[in-house]
Amino acid sequence: DQQVKQNSPSLSVQEGRISILNCDYTNSMFDYFLWYKKYPAEGPTFLISISSIKDKNEDGRFTVFLNKSAKHLSLHIVPSQPGDSAVYFCAASSYQNTGNQFYFGTGTSLTVIP
Amino acid sequence: KAGVTQTPRYLIKTRGQQVTLSCSPISGHRSVSWYQQTPGQGLQFLFEYFSETQRNKGNFPGRFSGRQFSNSRSEMNVSTLELGDSALYLCASSPDRGRNTIYFGEGSWLTVV
């Protein structure tokens, strides 16, 4: 049972425009969320996190929004650059876990067109 | 600071064999977790170790096992390999007890033939 879903397998965006990647979750006990970027043949690279006490977190060109009532989070990349082309994963963790057990979505492949 | 190091990077095994993968966490990190990535499945949690103790375990059969040493280095073992075990195995480390951002290594690509 996939508790974290990324329903868009792929997304194409023009360079300089905004990229919006979406993630939905089903477990209401998830309260800590991470986004990763992954290039082929490399491990995932951490981008940005958000905990449920916030609804927004920014880091440079990356902003994550959390809508707890909708169980939805999104990652905004502004402006998008060709180097942002990669697969993006969202991950969630439950406050029931004492450690670092994360549930991942299946990823969205972003292509930024020059 | 060196990142998470995984060895070997690539390996090919025959069905029925067993395999051991190694992970050295970021210096000072005491939590090590393992994930399996297969096409279309995202990353699936295998297990997490902290201070040489398994703290969490995912939904994988007993053929998948792991351990952590006193220097926080970790190994995972898969016995009686099946074709479906072909995957990218990722190790991640994080600083301390409790929930934190996890940082991944490059992964070990396992192909079972």
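Only heavy atoms go into these numbers, but all of them, side chains included; no hydrogens, no water, no symmetry mates. Fair warning: this is a prediction, and the values are worked out from it, not measured in the lab. Residue numbers begin at 1 in each chain, while the letters A, B, ... track the order of the sequences.
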Side-chain heavy atoms nearer than 4.5 Å, only ILVMFWY residues, links allowed to pass through others: does that put [X] and [Y] together?
X      : Y     : answer
B:L21  : B:F60 : yes
B:Y103 : B:F47 : no
A:I50  : A:Y25 : yes
B:Y49  : B:L43 : no
A:I20  : A:L11 : no

Could you tell me which residues in residues 68-93 of chain B have at least one non-hydrogen atom under 4.5 Å from a non-hydrogen atom of chain A, sorted by residue number?
B:L88, B:L90

Of all heavy-atom pairs linking B:F45 and A:F102, the shortest is CB-O, 4.0 Å

Please check if atom [atom1] in [X] has more than 12 non-hydrogen atoms from other residues, nucleotides or ligands closer than 6.0 Å.
X     : atom1 : value
B:K57 : NZ    : yes
B:R9  : CZ    : yes
B:R15 : CZ    : no

With chain B, which of A:T106, A:V4, A:V87 has the greatest number of heavy-atom pairs at distances under 4.5 Å?
A:T106

So B:S94 and A:N100, side chain to side chain donor-acceptor pair (under 3.5 Å) or not? Walk me through it.
CA-CA 8 Å; B:S94 67; A:N100 294 305; 2.7 Å; yes

Of the backbone (N, CA, C, O) and the side chain (C-beta and beyond), which part of B:Y35 lies under 4.5 Å from a heavy atom of chain A, both, or neither?
side chain

Given a strict heavy-atom distance threshold of 4.5 Å, which part of B:Q37 is in contact with chain A: side chain, backbone, both, or neither?
side chain

In Å, rounded to the nearest 0.5 Å, how long is the span from CG of B:N100 to OG of A:S93?
10.0 Å

Does any heavy atom of chain B fall under 4.5 Å from the side chain of A:Y103, the backbone, both, or neither of them?
neither

Validation row: A:Y32, B:T101 side chains within 4.5 angstrom (heavy atoms)
yes

